[in-house]
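Note sheet for the following structure.
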There are 2 protein chains.
Amino acid sequence: MSPTLSDFEARATRDPAPAPAKRPSVADNQSCLVAKVSQLIDMSDLELSALSQLQTEERSFARDEVLFSVGDHHQDLYIVQEGWLFNAIDAPDGRRQIVNIYHPGDIIGFPDIALSTRTTDLVGVTAGSICPFPKSGLGTIFREAPRLAALLLSIALREETVLIDRLRVFSRSSAQARVAYLFLELNARLRCTTGSDDNTLYMPLNQHEIGDSVGLTNVSVSRAVTALEERGLIATASREVRLLDMKALIEMCDFEDRYAQVVTDWFP
Amino acid sequence: MSPTLSDFEARATRDPAPAPAKRPSVADNQSCLVAKVSQLIDMSDLELSALSQLQTEERSFARDEVLFSVGDHHQDLYIVQEGWLFNAIDAPDGRRQIVNIYHPGDIIGFPDIALSTRTTDLVGVTAGSICPFPKSGLGTIFREAPRLAALLLSIALREETVLIDRLRVFSRSSAQARVAYLFLELNARLRCTTGSDDNTLYMPLNQHEIGDSVGLTNVSVSRAVTALEERGLIATASREVRLLDMKALIEMCDFEDRYAQVVTDWFP
DNA sequence: CGCAGCCTTGAGATTACTCAATCAATGTGG
DNA sequence: CCACATTGATTGAGTAATCTCAAGGCTGCG
């Protein structure tokens with residue numbers, strides 16, 4: 001039996017070893033994008049074929065590999081097949097802002113397609129692979145599969161809502177609240193794909209990278225994590241975080257789960 | 001001659017008196033959305049009629065009026081016809097995050113349509129009016145006018161890029177840099193609609209509201225503005241800000257103008 | 001003239017940052 | 001199998017920035 005999307009996801013989150021075993025090409029079965037979209041809506045044959053035509057070869061990446069950089073010209077979106085990545089912007093003072101953390105099934109590079117060049121670097125957190133998806137294929141989708149086009153807009157708008165949530169948290173809250181928010185968000189996202197619900201999450205980012213995500217230094221992250229542990233809100237193992245007191249965590253950073261629902265009532 | 005979009009904009013930014021004079025209804029000429037979209041691309045007759053059918057009655061609002069609140073169910077997007085508004089989220093500790101500031105021609109409520117309820121409050125900064133646009137009309141656009149649908153996605157993605165820029169600035173930068181960024185962003189947005197290029201901008205927000213926008217207290221805003229003036233980077237009058245040293249301002253907050261361009265090469 | 005809203009300024013408290021040293025975990029080569 | 005190097009996490013001490021609380025000033029308006 002060939003692997004399904006959830007197989008990929010489970011493997012990616014539990015076994016992020018640097019050298020991934022030989023996997024069957026995605027073309028063996030279906031494209032990453034088809035898998036991703038199938039999760040969200042049922043597709044007609046027409047829609048399926050429109051999507052499948054956009055299939056291109058997957059590309060693998062290594063831990064810490066930079067897949068593209070700010071200023072690069074681009075032709076593609078990517079769908080994550082396996083592994084974690086993030087995109088980031090380097091500030092002139094040497095600090096870095098991690099903008100988004102990507103997991104299997106996520107779409108990478110969406111905001112950039114309205115501009116001519118990349119606005120962020122893309123970096124591998126673990127080893128893994130991504131499926132390119134030519135930007136020009138979007139035209140086809142909009143022309144031939146309006147319902148899929150509407151779904152893409154929905155995905156973009158949900159990303160925007162999440163960014164607004166983060167803006168609120170990161171511009172006002174304490175170090176502990178910021179770290180708590182990051183853990184809660186990752187948990188919400190991973191839960192809706194992997195289905196595990198014990199509120200334990202795999203965390204391949206080191207504390208410096210966590211700091212780059214939430215706007216803190218590695219030292220402040222360390223202190224915040226320690227404080228959250230001492231308060232009994234979380235427990236950390238080697239590369240795992242367990243959220244012990246969801247209610248308190250959610251309350252301290254005013255977290256909202258935006259991944260639970262997608263409204264489709266206005267779709268064509 | 002009935003007013004054009006740019007008439008509205010010029011009036012809104014230069015004459016934000018609390019009680020707007022009687023204006024002809026937008027139906028006299030064309031819908032707000034048609035005007036907005038015409039700015040960005042040329043439309044075929046088919047596209048024009050698809051858009052025009054979505055016309056509904058405009059609604060006026062007063063300074064400080066709350067037009068909708070977090071949790072409200074919604075059916076509409078809005079296009080700003082005249083005046084300024086912002087949307088905001090109240091934090092449990094009594095502070096408030098202003099998420100977005102809207103000017104004539106802007107689309108309000110876009111991120112919310114992927115969710116069932118409002119995620120922010122909408123508040124009038126000056127008096128003005130907005131044109132509702134039923135969410136269900138989006139389905140029509142996606143079905144019948146794919147190029148307009150693609151344009152909507154572009155607009156959403158540009159909003160997202162701007163949010164990413166803000167996340168970077170507000171989670172790391174100094175008070176002066178945050179305030180400078182806000183002024184630069186407002187200037188860039190107003191310039192592309194009003195066309196004035198002397199880098200002087202109308203600023204109806206008080207310092208408390210500026211603080212709510214950039215994640216500072218009113219006291220810190222006051223100190224930051226004073227410091228920027230003392231350094232000769234800006235000058236402030238009663239309700240105006242003049243940007244004296246664009247180069248230094250842009251450099252201190254790493255500002256990027258995302259409003260100058262929209263790439264349409266992938267459009268159907 | 002006096003009130004109200006907004007802005008400014010001061011002083012002390014809080015919070016995160018920087019710099020630096022130490023500790024822990026992991027992996028490598030002899 | 002163990003010394004050693006490397007990377008990441010922790011802890012301490014002092015610094016810098018913003019926040020809070022509070023008082024006072026300016027401006028526009030009834």
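Residue numbering restarts at 1 for every chain, and letters A, B, ... go by the order of the sequence lines. Below, all heavy atoms of this structure are taken into account, side chains as well, without hydrogens, waters or symmetry copies.
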How long is the line joining CZ of Arg178(B) and C1' of dT18(D), in whole Å?
-> 9 Å

Rounded to whole angstrom units, what separation is found between the CG atom of Asp64(B) and the P atom of dC6(C)?
-> 8 Å

Report yes if at least one side-chain N or O of Gln176(A) is closer than 4.0 Å to OP1 or OP2 of dT15(C); otherwise report no.
-> no

Using whole Å, report how far CG of Asp93(A) lies from P of dA17(D).
-> 13 Å

Length of the line joining Arg63(B):CZ and dC6(C):C1', which is rounded to integer Å = 11 Å

What is the nucleic acid contact for Val221(A), judged by heavy atoms within less than 4.0 Å: base, sugar-phosphate only, or nothing?
-> nothing

Partner of Asp121(B) under side-chain contact (heavy atoms from CB on, under 4.5 Å), picked from Asp90(B), Leu67(B), Asn87(B), is Asp90(B)

dC17(C) OP1/OP2 closer than 4.0 Å to side-chain N/O of Thr217(A) = yes

Spacing between Arg223(B) atom CZ and dA16(D) atom C1', to the nearest angstrom | 14 Å

Sub-3.5 Å donor-acceptor pair from the side chain of Ser220(B) to the main-chain atoms of Leu216(B), do we have one?
-> no

Is Arg168(A) salt-bridged to Asp254(A), cutoff N-O under 4.0 Å?
-> yes

Ser222(B) side chain near dT8(C) phosphate (N/O to OP1/OP2, under 4.0 Å) | yes

With sugar-phosphate meaning primed atoms plus P, OP1 and OP2, does Ser238(B) contact a base, only sugar-phosphate, or nothing at under 4.0 Å between heavy atoms?
-> nothing

Interatomic distance, Arg239(A) CZ vs dT7(D) C1' [rounded to whole Å] | 10 Å

Send over the distance from Phe170(A) CZ to dA16(C) P, rounded to a whole Å.
-> 14 Å

Between dC17(C), dT20(D), dT10(D), which one does the side chain of Leu216(A) approach most closely?
-> dC17(C)

Rounded off to whole Å, could you give me the CZ-to-P distance for the Arg95(B) and dT18(D) pair?
-> 13 Å

Counting side-chain heavy atoms from CB outward, which of dT10(D), dC7(C), dC17(C) is closest to Ser220(A)?
-> dC17(C)

Do the charged groups of Arg96(B) and Asp212(B) touch, with an N to O distance under 4.0 Å?
-> yes

Consider the side chain of Val219(B), meaning its heavy atoms from C-beta on, and name the nucleotide among dG10(C), dC6(C), dA9(D) that approaches it most closely.
-> dG10(C)

Base, sugar-phosphate, or nothing for Gly215(B), non-hydrogen atoms under 4.0 angstrom?
-> sugar-phosphate

Of all heavy-atom pairs linking Val221(B) and Gln207(B), the shortest is CG2-O, 3.7 Å

